[in-house]
Every structure is written in structure tokens, then in C-alpha cells.
Amino acid sequence: MKCSGAMSQVLNTMVWRTRRMMTPAMLRNELESVLESSVRSIWGDRIPDDFRAVVSGSNNLEYGDVSCQAAMRLAGIVKDNPRAIAGRITETLTGRIKGISSISIDGPGFINFRLSDNYLASTAFDLASSGLQSLLPDTGAGREVLVEFVSSNPTGPLTVGHCRQAVLGSTISSLLEASGWKVSREYYFNDTGRQMTLLGESLAARYSSAQGDEAVIPEGGYHGSYIIEWAADLSAELGTGLTWKRDRDTFIRFAEEKAMKMILSDLSLLGIEFDRFFAESELIPEAVTDAIEKLSRITIEGKSLVYESDSGKLWLRFTALGRPKDRVIIRDNGTYTYRMPDIAYHLDKFSRNYDLVVDIFGADHLDTSRDVAAALECLLGEKSVSAKLRVIIHQFVTLVKDGRKIKMSTRSGEFVTLRELINDAGSSDVTKYLFLTRRADAHMDFDLDLARKQSSENPVYYVQYAHARIAGILRTADEAGICSPVEFSGDVSCLLDGEYERELMRLLESVSVRVAAAADEMEPHRLTEILADLATGFHRFYQHVRVVDTDNSDVSEARLMLCRACRRCISDLLGILGVDAPDRM
RNA sequence: GCCCCCGUAGCUCAGUUGGAUAGAGCGGCGGUUUCCUAAACCGUAGGCCACACGUUCAAGUCGUGUCGGGGGCACCA
């Protein structure tokens, strides 16, 4: 980017200085602690220890930019009316708070604060120059978190349901990363047991049929047509002489390898990578046996947690742990049921000393997941588990095509794959974004007809368009020889005192706080809300305010800085979602 | 039978430890372009927040119950 004489003139006439960055989170924290100490200094020990003067955003411009409702809370405690309380609190703090230009008491007793123009401009500037992450609180502070997601067994391609989980998991991971966590993404899969045998046998059946032999896919086996292709590959590689009886392992391992490749390629469509693929076979038999041993040493009310039934099965007494049913953990044929290796897996995860362990599961795992958590709490102590384990359960997806819902069943081979979905929707960006427009715990109808529309009806394009528009402005500005300052000066705020500028700055200021909240709650759908707000805010600003104006270069430069802040904010957020931020559309 | 989720504008959905006049997109109606991307903007209509009771100074938000819808619950994973 080149800078003209006008620019250097501005640089000369303004006093640029470095300063300590004041983030929106710091401002709110400071505000809260000032309010709190004011309250405590007035009423002393009448205030409960857990009292907090919480500050939140105002939804109405007339009521300032941030507000505090402490006075209403205190009414019952100090026996006075809220407006009088608010008055006493504010008396003690006039002129003491950085970043605040005025304070008022409104309504039943809200204390409303107006952010100073200087502060607003400075946060916009910080966004423009250093990006969103520089304003986010460092919640993770380098602590380590393990996020497990997808964890689909290698039996076929990923489906629409896995797609939602993949998008959720990778976005939550990125969000945590942006908040200062060191994130490991892990994929757990079952490479042993009945399902793999069925898969291998299904492959063997397809393999035999291809050679004209009569062969039937086993009861409960896999009917997907992709296995026909694997069978062809298998005979091309190893010839036609294999039989299920003699070469079980060859069939199973070949199928597993093919399935895993399929899954990896599906994931790459979404741009998702894992740090580790953890196979169940790594736990068998030592880790699982060890876990059973630990559990069997525990007795609750005189009864052993692990017991054997007449038929030779081994049970875990979940009812003693507050769960509704006891469950079989070892079948009479000596194999483990799903829960047992999963408990061992979680013990393994906990033994690796992560500060936080996040599980992302579909609604079908709810019951098991609670059993696993109960077993963990029993072995490791309730406190250490509840403090570290975070389970996010998401509801299922229904596809809507041509206005009608598509029914899916998994094993039968009648399902829509992730790959088909992305092809049908036209791009992975659209798919990813739309999956994040709903809360994880809400059922979701994925509307393919909407996904295919390349118009403002489609929320992705609305946001991307805002980004492309800003990029266009920056190009125009560059050609006109205008660029925004590289250092911040407080003086710049007087150039941005218009209604639309302030509205945009106010919005930009709130973004990092909202993103931090989304990270704390692990609710990535809030990011699409924020993005939509940013796009709307920018479009509105653009419609009313001329940015590139060579006759008014100082104002133009200041406005350009807002544009850059907005663009950076949008692209950083889209980056967390893994969605492209195009410069042209 | 047990468990989970949902019920907010015509449709799809947001709604920040409970707070001020309940919001957005799409759809409807009416406008805006000699000007940096009209994939945009502005205005307008449209709501007993399923229902009842309770807690509270204050409930879309919390509790109990009722009704309605979706989903899950294996010795599959």
C-alpha cells in the first residue's frame, strides 16, 4: 500500500503515541471492581461476599453503552429504593473511570455508562492493527484442552450428522485457541469388535458376489454401495482367491483402511485436521483390564461395583452410582461392550493431565456419556471430574430438500453423506456456516434449498459480501492514495463523532466481549450472530457515509481505519469458523 | 416406561449470571442508485413469548404441572 503526501502530512500534524492497550474486557472488569468497592465502602459487611456488580451491554442507545443493575439487586439487601442506591454508588465514583465519558441513572435504577469516543476509537484501531485476538481475554492462558469430536467408526463415509459434529468440534477448538487455550483435537475410533467383523464380512460378501459366487451380506451388516468398489479394489490388489473363512483379518484390515481414507478425505473437504487418531485397540486388553480392576476394588454399601451374573457376563453396578440401570461390560463371549473401553479411554485422557477435557457427542450418546462420567467420578473423585470434563451433546439434523424432510437410516446404506451434502449445497463454506446458525442442543433442519441460493437470503453470502465490499473500498482508497494511520492518536476520535461512525465503533467494541462469552459457554452459533451484526452494521455505515474522499483526507483516513477494523473482525471470525473471507464477489 | 431437546412475528430462528419499549433474516407492502460492489440500504405492517400456577421489586429467561411437536434409550458404537 502506498501513502501519498496527504498521509504524511497527517502523520506530521498529529501526535502519535504508543500506549497501554485497554481491552473491552479490561474496561468492564475495571468498571465492575470500581462499582463493587464503591458498594462495599458504603454498606460494608451488609454486602454478601458473593455479591458482584455485573456490567452488561445496553440494548438501547439512549441508555448508554454499558449498564449495571446492581442497585436493583441491592434494594432488598440494604432496604432502600434502587434509584437512591444508584445515586449513592455513582456519587463516589465520578471522574474516576478510564474510558467512560458520562454516567446516568435511568429507569428503575440502572446505572448507565457512556463509553468515551477516544476509547471507542482506540479499540477500533486496535482491531484494525492487531486483530480480534489481541482484544480477547486470555482465558486459557496457555492451559491445555483436549477436544474429542467426530469419533465415527471406520465403517463408511461420514454422514450429515457427523458433519454437524465436525463443524461444531472444529469451531469450538478454534474458539478455544483464540481464547488462549492450547488445543489438541482427537478422534477416537473403534477398530475392534463386532462392527469391524461385520464390515469385513460385508466386504467379503461383495467380493464373492463380484466373482459370481452366491454370498449374502450378514445380518446387521453394511449395505452401502461403496463396499462394492472396495471389493473391486481388493481383487485388483490381492487377486480373487480370498475367502472369508481363511482371510478374515485381510478383509477387515482392508475395509478399515479404506474407510479411514474415506473419512480423512471427507474431513479434508471441511478443512479439518486432527492431532491424534486414537484407536480402541490401543486400550485392549491392558488399559481396559486395568480399569475393570480398579472398579472392582470399589464397594458401595457393601456391594461390589463389578459383579458376575449366572451366565458368565460381567456387569457394572451403575445403579450404585446414581444411574438408572446396571450395564453389561463383558459379554459371555468375553468381548467388551462399548461402555467399558470408553471408560478406559476417558481414564487415559484424564491421565494425560489436560486442564480441560471436552467431549462432543450426538444425542444418541447421552446415556452412555453419563454412565462414563459417573464411573470417572467414582474413580477420580467427583470434583476433579466435574471441574475438568465438559460434555457437549448436540441434537440431530434433518435434511430438507424441495420443501420436504428426508428420512435417513444409518446401517441400511440409505443416508446422505457429508460429501453429497457439500456438493449439493455448492460449497463447504455454506455448509459450515449454516450448521452454526443454530444452537447445538436444538434440533436442526438443514434447508438445502436455502443453502443453494447464492443471494442475501443465504446468510453466508451476506457476511462475505460485507467483507468483499470493504476490500473494494480499501482498493479504491489505495488507488486514491489514502491510507489509514499506522499509529493511534486520541485526536482521531473527533473525526469519527458522527452518528454512523459511533454506532459502528460501539458494535466493534462489543465484539471481543461477545466472542469471549461464546468461548466460555462453548456456543459457536453465537459467532454467526455476531458476524451478521457486523455485516449489517457495516452495510448501514457504508450506505450513509462516504469513506474515500480526497477532499477530506483526514476524515477519510479515520473512516478507513474503521473499515479495516471491521474487515479484520469479520475475517478473523470467519477464520474461526473455517469459512473463506473473499476480497471480491 | 425412562431420558434429552423444542414450543417467541406468516416461515426459519436469536434473545448475554432474571432487568428498561421482546429482536434478526426470509416472505408481504412502500421507497432509495449521476456517488467507494443494489449479493446493499431505509420505512412499514405483523407478537396474550404454548397454557396454568409459583418464586421475585422484576420472568421469554428460574421452579412445578398440563398440552403439543421432535429425538434418543442394545449384551451396536
Side-chain angles (χ1 to χ4, degrees), chain A residues 52 54 56-60 62-63 67 69 72-73 75-76 81-82 106-110 112 151-153 155 189-190 193-196 198 220 280 311 313-315 324-325 327-333 335-339 341-342 362-368 370 393-396 398 400 410-411 437-445 447 450 453-459 461-462 464-466 468-477 479-480 510 513-514 517-518 520-521 523 525-526 528-529 532-533 535-536 538-549 556 560 563 584-585:
Chain A
R52 287 191 56 215
V54 175
S56 61
S58 305
N59 45 14
N60 192 325
E62 289 168 38
Y63 299 135
S67 71
Q69 49 180 347
M72 273 104 75
R73 301 229 142 177
N81 85 73
D106 306 285
F110 289 97
N112 292 321
S151 293
S152 166
N153 289 333
T155 57
F189 68 101
N190 185 341
R194 209 168 89 87
Q195 291 310 311
M196 293 313 290
L198 281 169
E280 192 196 75
S311 46
K313 296 164 188 167
L314 207 62
W315 293 71
K325 274 183 178 173
R327 303 283 181 175
V328 171
I329 51 174
I330 301 183
R331 302 185 188 91
D332 47 15
N333 69 5
T335 58
Y336 304 111
T337 62
Y338 172 73
R339 278 177 177 74
D342 208 24
D364 54 341
H365 273 62
L366 181 69
D367 232 38
T368 346
R370 289 193 174 162
I393 302 278
H394 67 88
Q395 299 296 319
F396 288 156
T398 309
V400 178
T410 39
R411 298 264 157 88
T437 56
R438 301 282 174 272
R439 311 166 47 92
D441 59 8
H443 289 273
M444 177 172 186
D445 288 342
D447 190 338
L450 172 64
K453 283 187 189 160
Q454 294 209 6
S455 70
S456 61
E457 261 182 81
N458 191 323
Y461 295 117
Y462 180 75
Q464 289 182 321
Y465 179 62
R469 234 182 180 181
I470 300 172
I473 293 175
L474 296 178
R475 284 191 296 271
T476 308
E479 283 158 21
S510 71
V513 175
R514 293 169 69 185
D520 290 346
E521 302 299 320
E523 291 187 344
H525 76 280
R526 298 197 196 182
T528 58
E529 290 273 319
D533 286 349
T536 302
F538 176 75
H539 284 312
R540 197 173 138 78
F541 167 81
Y542 173 89
Q543 209 72 31
H544 293 93
V545 170
R546 175 81 199 178
V547 177
V548 179
D549 180 2
S556 193
L560 210 51
C563 289
R584 293 173 201 272
M585 283 175 78

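Quick note on labels: first sequence line is chain A, next is B, and so on, each numbered from 1.
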Fit a plane to each ring of F396(A) and H394(A), take the angle between them on a 0 to 90° scale, and name the class: parallel (under 30°), tilted (30 to 60°) or perpendicular (over 60°).
perpendicular

hbond_proxy N112(A) side chain to A20(B) base (donor-acceptor, 3.5 Å cutoff):
yes

So if I take every side-chain heavy atom of R370(A) and compare against C4(B), G15(B), C73(B), which nucleotide ends up nearest?
C4(B)

Protein-nucleotides 10-12 of chain B N/O pairs under 3.5 Å:
{"from": "U12(B)", "atom 1": "O2'", "to": "R438(A)", "atom 2": "NH2", "distance (Å)": "2.5"}

For S58(A) against N112(A), the heavy-atom pair lying closest together:
OG-OD1, 4.2 Å

Check every strand shown and say whether D520(A) touches a base, only sugar-phosphate, or nothing at a heavy-atom separation below 4.0 Å.
nothing

Contacts under 3.5 Å, N or O only, protein and nucleotides 54-59 of chain B:
{"from": "C57(B)", "atom 1": "N4", "to": "M72(A)", "atom 2": "O", "distance (Å)": "3.4"}

Per atom distances to the D441(A) side chain, the nearest of C4(B), C6(B), U17(B) is C6(B)

Paired to C49(B) by Watson-Crick or G-U wobble criteria (both distances under 3.5 Å) is none

Nucleotide nearest S67(A) when distance is taken to its side chain, options A77(B), A20(B), C75(B):
A20(B)

In terms of side-chain heavy atoms of H443(A), which of G15(B), C73(B), C5(B) is nearest?
C5(B)

Listed nucleotide nearest any side-chain atom of F396(A), set A74(B), U17(B), G72(B)
G72(B)

With P as the reference atom in both, quote the distance from G71(B) to U12(B) in angstrom, rounded to an integer.
15 Å

A14(B) base to T437(A) side chain: any donor-acceptor pair below 3.5 Å?
no

Could you let me know what U34(B) is paired to, Watson-Crick or G-U wobble, both distances under 3.5 Å, or none if it's on its own?
none

Within the 4.0 Å heavy-atom criterion, would you say S152(A) contacts the bases, only the backbone, or no part of the nucleic acid?
nothing

Would you tabulate the nitrogen or oxygen pairs shorter than 3.5 Å linking the protein to nucleotides 35-37 of chain B?
{"from": "C35(B)", "atom 1": "O2'", "to": "R546(A)", "atom 2": "NH1", "distance (Å)": "2.2"}
{"from": "C36(B)", "atom 1": "O4'", "to": "R546(A)", "atom 2": "NH1", "distance (Å)": "3.4"}
{"from": "C36(B)", "atom 1": "O4'", "to": "R546(A)", "atom 2": "NH2", "distance (Å)": "3.3"}
{"from": "C36(B)", "atom 1": "O2'", "to": "T476(A)", "atom 2": "OG1", "distance (Å)": "2.6"}
{"from": "C36(B)", "atom 1": "O2", "to": "V548(A)", "atom 2": "N", "distance (Å)": "2.9"}
{"from": "C36(B)", "atom 1": "N3", "to": "V547(A)", "atom 2": "N", "distance (Å)": "3.0"}
{"from": "C36(B)", "atom 1": "N4", "to": "Y542(A)", "atom 2": "O", "distance (Å)": "3.0"}
{"from": "C36(B)", "atom 1": "N4", "to": "V545(A)", "atom 2": "O", "distance (Å)": "2.5"}
{"from": "U37(B)", "atom 1": "O2'", "to": "Y465(A)", "atom 2": "OH", "distance (Å)": "2.2"}
{"from": "U37(B)", "atom 1": "O2'", "to": "R469(A)", "atom 2": "NE", "distance (Å)": "2.8"}
{"from": "U37(B)", "atom 1": "O4", "to": "A468(A)", "atom 2": "O", "distance (Å)": "3.4"}
{"from": "U37(B)", "atom 1": "O4", "to": "M585(A)", "atom 2": "N", "distance (Å)": "3.2"}

F110(A) ring over G19(B) six-membered base ring, under 5.5 Å and 30°:
no

What I want to check is whether the side chains of T155(A) and N153(A) have a donor and an acceptor closer together than 3.5 Å.
no

Any-strand Watson-Crick or G-U partner of G19(B), both distances under 3.5 Å
C57(B)

Both I393(A) and R540(A) contact RNA chain B. Which one's nearest nucleotide lies toward the 5' end?
I393(A)

Spacing of OH belonging to Y465(A) relative to CZ belonging to R584(A), to within rounding of 0.5 Å
13.5 Å

Under a 3.5 Å limit on both distances, the Watson-Crick or wobble mate of A9(B) is none

Who is the Watson-Crick or G-U wobble partner of G1(B), with both distances under 3.5 Å?
C73(B)

Sort out the partner of U44(B) for me: Watson-Crick or G-U wobble, both distances under 3.5 Å, none otherwise.
G28(B)

